[in-house]
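Working notes, structure below.
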Amino acid sequence: MRRSRRQRCRSSRASSSPRLATCAARRWFPSSIRPNGVSMTDTRFDPSQADGRWQRAWEEARCFEADSNSAKPKSYVLEMFPYPSGRIHIGHVRNYTMGDVLARYKRMTGHEVLHPMGWDAFGMPAENAAMEKGVHPDGWTHANIDNMKAQLKRIGFALDWSRELATCDAAYYGHEQAMFLDLYEAGLVYRKESEVNWDPVDMTVLANEQVIDGKGWRSGAEVEKRKLNQWFLKITQFAEDLLDGLGKLENWPDKVRLMQENWIGRSRGLQFSFELSDGESLAVYTTRPDTIFGASFVAVAPDHPVAQRVATINCDAAKFIEQCKRGGTTAAELETAEKLGFDTGIGARHPFTGEYLPVYIANFVLMDYGTGAIMAVPGHDQRDFEFATKYGLPIPRVVASSAEDAGKPFAGEAEAGEGVLVNSQFLDGMEVEAAKREVIARAEKDGWGQGTTVWRLRDWGVSRQRYWGTPIPFIHCAECGVVPVPKDQLPVVLPEDVDFKTPGNPLLRHPTWKHVDCPKCGGKAERETDTLDTFVDSSWYFLRFASQPANKPFDREEVAKWLPVEQYIGGIEHAILHLLYARFWTRALQHMGQLDFAEPFASLFTQGMVTHETYSRSEGSKTVYYAPDEISREAERALLKDDGGEVEIGRVIKMSKSKKNTVDPDEIVAKYGADAVRWFMLSDSPPERDLPWSEAGIEGCWRFVQRLWRLFGQFDAAATGEDKALLRKTHQTIAAVAEDIEALSFNKAVARLYELTGAIEKAQPSATRSEAIRTALLLVSPMMPHLAEEGWAAIGGDGLIANAPWPPVDPALLVEDEVTIAIQHMGKLRDTLTAPKGAPKEDLEALALASEKVQRSIDGATVRKVIVVPDRLVNIVT
RNA sequence: GCCCCUGUGGCGGAAUUGGUAGACGCGUUCGACUCAAAAUCGAAUUUCUACGGAAGUGCCGGUUCGAGUCCGGCCAGGGGCACCA
């Protein structure tokens with residue numbers, strides 16, 4: 001009985017609340033005429049009317065087109081541009097709302113703002129669509145762009161659409177080809193053999209995400225590692241500079257700087273050679289030379305020359321190497337795979353003991369790092385420990401917490417930590433760091449090894465064996481070798497007539513495209529059919545936004561006016577690769593004398609994801625998920641609308657199509673208006689954290705939009721009288737909201753605005769109150785621009801609020817003259833009292849001791865000490 | 001596996017950076033208005049309590065007059081790991 005009543009209430013509310021048309025049609029509220037003559041025809045704000053009207057007004061006034069010749073201080077606000085998947089998702093809305101608030105705020109504070117938008121338009125999904133639906137990647141991508149652009153416009157972002165770009169247009173990627181040729185000239189581009197995931201059934205190269213449990217995602221065939229000749233960019237040449245530059249990026253999150261630091265991975269170690277029992281020598285690199293007496297075997301990568309040599313005479317070794325080639329190429333796969341090894345029968349002579357250590361081929365040793373061979377110290381490296389345990393190799397201890405623990409056994413795992421050296425001859429008793437220095441010094445003195453700095457960072461492989469990317473502008477000639485396409489023949493344009501029915505690279509099997517004459521000798525030659533990694537496209541788009549000459553990638557002077565980007569905002573998932581590649585590209589351009597700065601992004605902000613709870617039912621062995629709009633949500637339960645039955649409420653997780661826990665921005669904007677959605681994106685959760693989407697939350701935002709609208713309706717230009725407390729609150733709010741927006745703490749700014757709204761509502765009519773309403777309009781305008789424009793027009797504001805300045809603050813009104821002092825006894829709160837701001841310590845102490853509650857707590861004990869923090873607290877210690 | 005981050009009421013979170021834990025919002029409960037509902041407005045809302053207080057910021061320990069905040073050790077969730085973007 002009770003439940004059915006509640007259900008009814010809920011459903012009627014859910015269906016009626018944002019339906020504006022019905023409210024407006026009934027219109028039982030009298031129209032009210034404001035003293036300034038503007039008529040407020042309804043007590044409801046109607047976004048379905050207002051949003052479009054103001055979006056058109058901004059566009060007609062060309063408010064958001066950046067003028068590089070403006071005398072105002074420049075501000076470049078940039079959000080990571082989206083991949084045009086077809087629909088924007090709510091995560092984009094959150095990202096772009098944050099940037100939009102900052103951009104609008106910057107305009108209000110007198111800046112000339114560049115806030116552009118474009119499309120990271122090359123990539124695999126377009127080819128997948130081509131294969132699945134038979135649509136051309138170009139048509140598919142441009143249709144998606146049109147769609148998403150319309151969606152973004154409906155949210156009212158203050159974007160300069162005149163600078164829009166798409167990386168898949170030759171007008172963009174042609175310039176990228178020119179820069180690639182410049183990099184080649186500068187010696188920063190080269191070719192080498194490198195491994196790819198090869199699908200032997202589809203005869204195609206797979207991306208890591210297309211390899212599932214070591215199998216091809218379409219064919220299901222076991223993936224092989226295969227070597228191809230590929231293009232590389234010499235990012236390692238800038239390793240040290242990229243690392244040092246991090247120190248100056250004070251406005252980047254520490255976690256991102258730390259992640260990049262670890263990624264670049266400078267390490268100091270020892271490189272030396274083992275004499276092998278077969279007469280050859282084997283170079284190894286170790287970051288732990290101190291543990292050299294703990295080495296119990298030596299291991300080489302499966303593609304190491306020593307392994308290859310053994311394979312030519314031992315077919316078991318060859319089989320083992322073949323086995324290592326199965327499975328994916330990612331580090332995570334390699335490191336979690338079971339440790340496997342093959343004993344080559346070769347011995348390696350220990351430089352100090354002269355003992356011969358067995359040499360293994362091991363699947364966990366990487367050819368790309370160091371020398372591709374290691375001295376294995378199982379006691380003090382977990383991977384080596386697992387390997388030694390499996391193959392019954394000795395696990396000597398050479399580091400212990402103290403000399404007495406020299407014989408202590410291992411507790412099932414390696415000990416990689418600090419300690420003193422034991423069982424290590426001349427190193428015994430030394431700390432780890434001292435022992436490292438000592439071993440390196442001896443190796444250098446005796447001439448069998450040297451201290452070396454090694455970087456974890458590898459060169460950037462940019463070759464992709466795919467169609468939908470920037471063609472690499474080179475030609476292969478049998479006579480002349482690899483020849484760059486002359487710049488006057490750029491852009492090398494993708495052919496349109498391609499076939500996606502056959503697997504593999506369409507460029508490779510295109511009948512004519514690749515056949516060209518050699519630019520050097522004029523003989524028959526072939527185009528390079530690899531295209532560039534899409535990370536190349538996103539490594540310079542921020543330059544193209546700042547200046548778009550037709551004949552070159554960018555204009556140096558124009559770029560200098562806007563760059564570096566004042567605030568860059570995007571997902572934490574780009575913390576390493578995209579951001580590192582963009583930093584590298586900028587440095588490379590600087591190195592070639594084309595730019596005057598090294599760091600493209602002065603401040604970086606990484607925002608959290610938008611999440612949602614999931615709804616599911618178990619049907620037999622599988623779980624069936626339901627979308628939020630199929631569900632009616634009660635306090636404790638969720639019911640399926642179709643059959644009224646209960647469904648399980650799952651954890652709040654990242655929105656994904658497979659879990660069906662997505663919401664469509666278009667639908668919610670249509671239902672609640674752009675401003676309520678924008679407000680929700682900014683409310684509650686700190687922007688760097690995940691934001692849980694909820695129906696109740698957006699309903700709350702919708703109600704606040706209407707609450708503000710009613711408040712704006714109470715503006716009375718003829719009101720008189722002063723309200724000191726409200727005036728103070730208003731000015732404190734202006735200052736606080738400005739500070740919060742500048743710190744991107746939008747959730748705090750939102751809370752301040754709720755407080756101010758509450759204070760104005762409670763205040764009696766006065767000139768101060770009307771001024772506070774006017775101020776509130778200005779303060780919410782970056783966040784809810786449509787509502788603000790509508791309110792601004794209603795109170796008779798001058799022009800568009802989008803062009804209005806941020807209200808000034810009277811600093812004298814920011815300080816309180818009275819403060820609340822906490823009185824503690826032994827650190828526990830006993831009482832509070834009010835005192836004038838800046839009251840002397842002695843007064844506070846006396847007042848505190850006079851408190852009855854404090855005296856009761858002290859209960860006659862001797863006061864040993866009194867700690868007074870002015871304007872804050874008094875703590876009495878007994 | 002390796003690197004990085006996060007953890008505070010029923011929920012999202014705030015806390016002047018070592019100084020009154022729970023601002024603000026959501027939800028819930030009660031009340032007002034209404035024939036009734038919606039909308040709106042008002043009040044309450046960490047837990048326990050003998051109504052004096054006591055406990056409390058993932059868990060265990062430490063430093064301090066005082067710890068959500070600093071240190072050490074765990075646990076749980078998330079991001080990245082080089083061809084998803």
Side-chain angles (χ1 to χ4, degrees), chain A residues 8-9 12-13 16-17 23 43-44 80 82-83 85 120 122-125 196-197 205-211 253-256 258-259 261-263 265 329-337 364 368 382-383 386 457-466 533-535 538 571-578 580-581 606 608-609 611 635-636 651-654 683-686 688-692 694 696-697 699-701 703-704 706-707 710 747-748 750-755 758 761 820-829 831-832 856 864-867 869 872-878:
Chain A
R8 198 165 28 129
C9 298
S12 71
R13 186 180 54 178
S16 70
S17 72
C23 296
T43 53
R44 285 273 179 147
M80 291 178 187
Y83 178 79
S85 58
D120 189 11
F122 273 137
M124 286 202 310
V196 294
N197 298 308
V205 176
L206 299 177
N208 284 334
E209 70 157 14
Q210 297 175 317
V211 179
D254 287 341
K255 62 176 171 184
V256 174
L258 195 56
M259 278 193 265
E261 188 180 320
N262 290 333
W263 187 259
T329 57
T330 70
E333 276 176 306
L334 294 175
E335 286 177 43
T336 50
F364 66 94
D368 291 325
Q382 187 58 26
R383 293 161 300 183
E386 285 168 29
L457 183 69
R458 306 200 299 257
D459 275 336
W460 177 12
V462 293
S463 276
R464 298 293 179 271
Q465 294 71 36
R466 280 182 237 294
D533 179 6
T534 56
F535 274 127
S538 54
I572 184 68
E573 66 274 20
H574 295 292
I576 296 173
L577 295 180
H578 161 58
L580 193 65
Y581 292 148
T606 55
M609 297 177 302
T611 57
E636 302 283 319
R651 283 192 311 115
V652 177
I653 55 168
K654 178 179 181 170
S683 303
D684 293 354
S685 285
E688 68 276 14
R689 287 229 219 134
D690 290 351
L691 170 70
S694 79
E699 293 269 353
C701 294
R703 285 200 297 273
F704 184 64
Q706 299 305 336
R707 188 175 149 200
R710 285 192 300 274
N747 58 318
K748 292 198 233 171
V750 162
R752 303 279 180 215
L753 289 165
Y754 276 122
E755 281 183 40
E761 283 169 341
T820 307
I821 307 287
I823 316 293
Q824 298 177 337
H825 173 217
M826 303 300 287
K828 288 195 190 295
L829 185 72
D831 202 359
T832 58
R856 206 189 314 148
R864 289 194 291 128
K865 199 165 148 192
V866 179
I867 289 150
V869 183
R872 208 160 298 290
L873 65 68
V874 180
N875 187 16
I876 294 153
V877 184
T878 56

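Order of the sequence lines fixes the chain letters, A, B, ..., with proteins taken first and strands second; residue numbering starts at 1 for each chain. Computed from heavy atoms alone, side chains included, the values below leave out hydrogens, waters and symmetry copies.
Counting non-hydrogen atoms under 4.0 angstrom, A:Val205 reaches a base of the nucleic acid. At a threshold of 4.0 angstrom between heavy atoms, the contacts of A:Ser463 include nucleobase atoms, whether or not backbone atoms are also involved. Contacts of A:Val196 with the nucleic acid, taken as non-hydrogen atoms under 4.0 Å apart, include base atoms. Here A:His574 lies in heavy-atom contact (under 4.0 Å) with a base. Note on A:Trp263: a base of the nucleic acid sits closer than 4.0 angstrom, heavy atoms only. Across all strands shown, A:Thr330 has heavy atoms under 4.0 Å from sugar-phosphate atoms exclusively, and none from any base. Among the atoms of the strands shown, base atoms are found under 4.0 Å from some heavy atom of A:Gln465. The residue A:Phe704 sits apart from the nucleic acid: no heavy atom pair falls under 4.0 Å. At the heavy-atom level, A:Glu755 lies under 4.0 Å from the strands shown only through sugar-phosphate atoms. Residue-level contact check: A:Gly461 touches the backbone only, with heavy atoms under 4.0 Å from sugar-phosphate atoms and none from bases.
Rounding to whole angstrom units, CZ of residue A:Arg44 and P of B:rA38 are separated by 13 Å. B:rC84 atom C1' lies 11 Å from atom CG of A:Asp533, rounded to whole Å. One interatomic measurement links the two molecules: CG of A:Asp368 to C1' of B:rC2, which rounds to 16 Å at whole-angstrom precision. For the pair A:Leu577 CG and B:rG79 C1', the interatomic distance rounds to 13 Å; values are reported in whole Å. In this structure, CD of A:Glu209 is placed 15 Å from C1' of B:rC81, rounded to the nearest angstrom. Taking atom CG of residue A:Leu580 and atom P of nucleotide B:rC81, one finds them 13 Å apart after rounding to whole Å. Rounded to whole Å, atom P of B:rC84 lies 11 Å from atom CD of A:Glu333. Counting to the nearest Å, the C1' atom of B:rC83 and the OH atom of A:Tyr581 are 10 Å from each other.
Taking only side-chain atoms of A:Ala751, from C-beta outward, the nucleotide of B:rA23, B:rC4, B:rA39 with the closest atom is B:rA23. Here the nucleotide nearest the side chain of A:Asn262, chosen from B:rC3, B:rA85, B:rC83, is B:rC3. With B:rC83, B:rC4, B:rA85 as the choices, the nucleotide that has an atom nearest any side-chain atom of A:Phe535 turns out to be B:rA85. Side chain of A:Ala696, nearest nucleotide from B:rG27, B:rC3, B:rC84: B:rG27. Side-chain atoms of A:Lys828 lie closest to B:rA55 of the nucleotides B:rC4, B:rA55, B:rC41. Each of B:rC65, B:rC81, B:rG52 was ranked by its minimum atom distance to the side chain of A:Ala332; first place goes to B:rC81. Proximity note for A:Arg703 (side chain, C-beta onward) versus B:rC24, B:rC26, B:rA82: the nearest is B:rC26. The side chain of A:Arg710 has B:rC41 as its nearest neighbour among B:rC41, B:rC81, B:rC5.
Nucleotides B:rC70 and B:rU40 have their C1' atoms positioned 48 Å apart, rounded to a whole Å. Remark: the separation of the P atoms in B:rA15 and B:rU28 is 27 Å, to the nearest Å. Taking atom P in both B:rC48 and B:rG9, one finds a spacing of 15 Å when rounded to whole Å. Taking atom P in both B:rU29 and B:rU47, the straight-line distance is 15 Å, to the nearest Å. Between B:rG56 and B:rG7, the distance separating the two C1' atoms is 16 Å to the nearest Å. Using atom C1' as the reference point in both B:rA32 and B:rA39, the two lie 14 Å apart (nearest Å). B:rG58 and B:rU6 have their P atoms separated by 13 Å, with the value rounded to a whole Å. On the C1' atoms, B:rG18 is 24 Å away from B:rC24, given to the nearest whole Å.
Base pairing of B:rA23: no nucleotide in any strand meets the Watson-Crick or G-U wobble criterion (both distances under 3.5 Å). Under the Watson-Crick or G-U wobble criterion, with both distances below 3.5 Å, B:rU6 is paired with B:rA76. For B:rG52, there is no paired base (Watson-Crick or G-U wobble, both distances below 3.5 Å). Summarising the base pairing, B:rU17 is matched to no nucleotide, lacking a Watson-Crick or G-U wobble pair whose two defining distances lie under 3.5 Å. Searching all strands for a Watson-Crick or G-U wobble partner of B:rA37 with both distances below 3.5 Å returns nothing. For B:rU28, the paired nucleotide is B:rA44, the pair qualifying as Watson-Crick or G-U wobble because both relevant distances are below 3.5 Å. The nucleotide B:rU63 finds no pairing partner, because no Watson-Crick or G-U wobble arrangement with both distances shorter than 3.5 Å includes it.
By the 30° and 60° cut-offs, the orientation of the rings of A:Phe535 relative to A:His574 is perpendicular.
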Apply the test side-chain contact (heavy atoms from CB on, under 4.5 Å) to residues A:Asn747 and A:Asp684: give CA-CA distance (whole Å), side-chain angles for both, the deciding distance (0.1 Å), then the verdict.
CA-CA 5 Å; A:Asn747 58 318; A:Asp684 293 354; 5.6 Å; no
Give the C-alpha distance, both sets of side-chain angles, the deciding distance and a yes or no for side-chain contact (heavy atoms from CB on, under 4.5 Å) between A:Asp533 and A:Trp460.
CA-CA 10 Å; A:Asp533 179 6; A:Trp460 177 12; 3.0 Å; yes
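In this structure, A:Ile576 and A:Val877 both approach RNA chain B, and ranking their closest nucleotides by distance from the 5' end singles out A:Val877. Comparing A:Leu457 and A:Asp120, the nucleotide of RNA chain B nearest to each residue sits closer to the 5' end for A:Leu457.
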For each nucleotide in nucleotides 11-20 of chain B, reading 5' to 3', give B when a protein heavy atom comes within less than 4.0 Å of its base, S when such contact involves only the sugar-phosphate, and - otherwise.
-BSSSB--BB
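To the nearest 0.5 Å, atoms CG (A:Asn197) and CD (A:Glu333) are separated by 7.5 Å.
The glycosidic torsion of B:rG10 lies more than 90° away from 0, placing the base in the anti range.
Judged by atom type and distance alone, A:Arg864 does not reach the base of B:rC65 through any side-chain donor-acceptor pair under 3.5 Å.
One finds no side-chain N or O of A:Arg458 lying less than 4.0 angstrom from the OP1 or OP2 phosphate oxygen of B:rA82.
Within a 6.0 Å sphere centred on CZ of A:Arg707, other residues, nucleotides and ligands contribute more than 12 heavy atoms.
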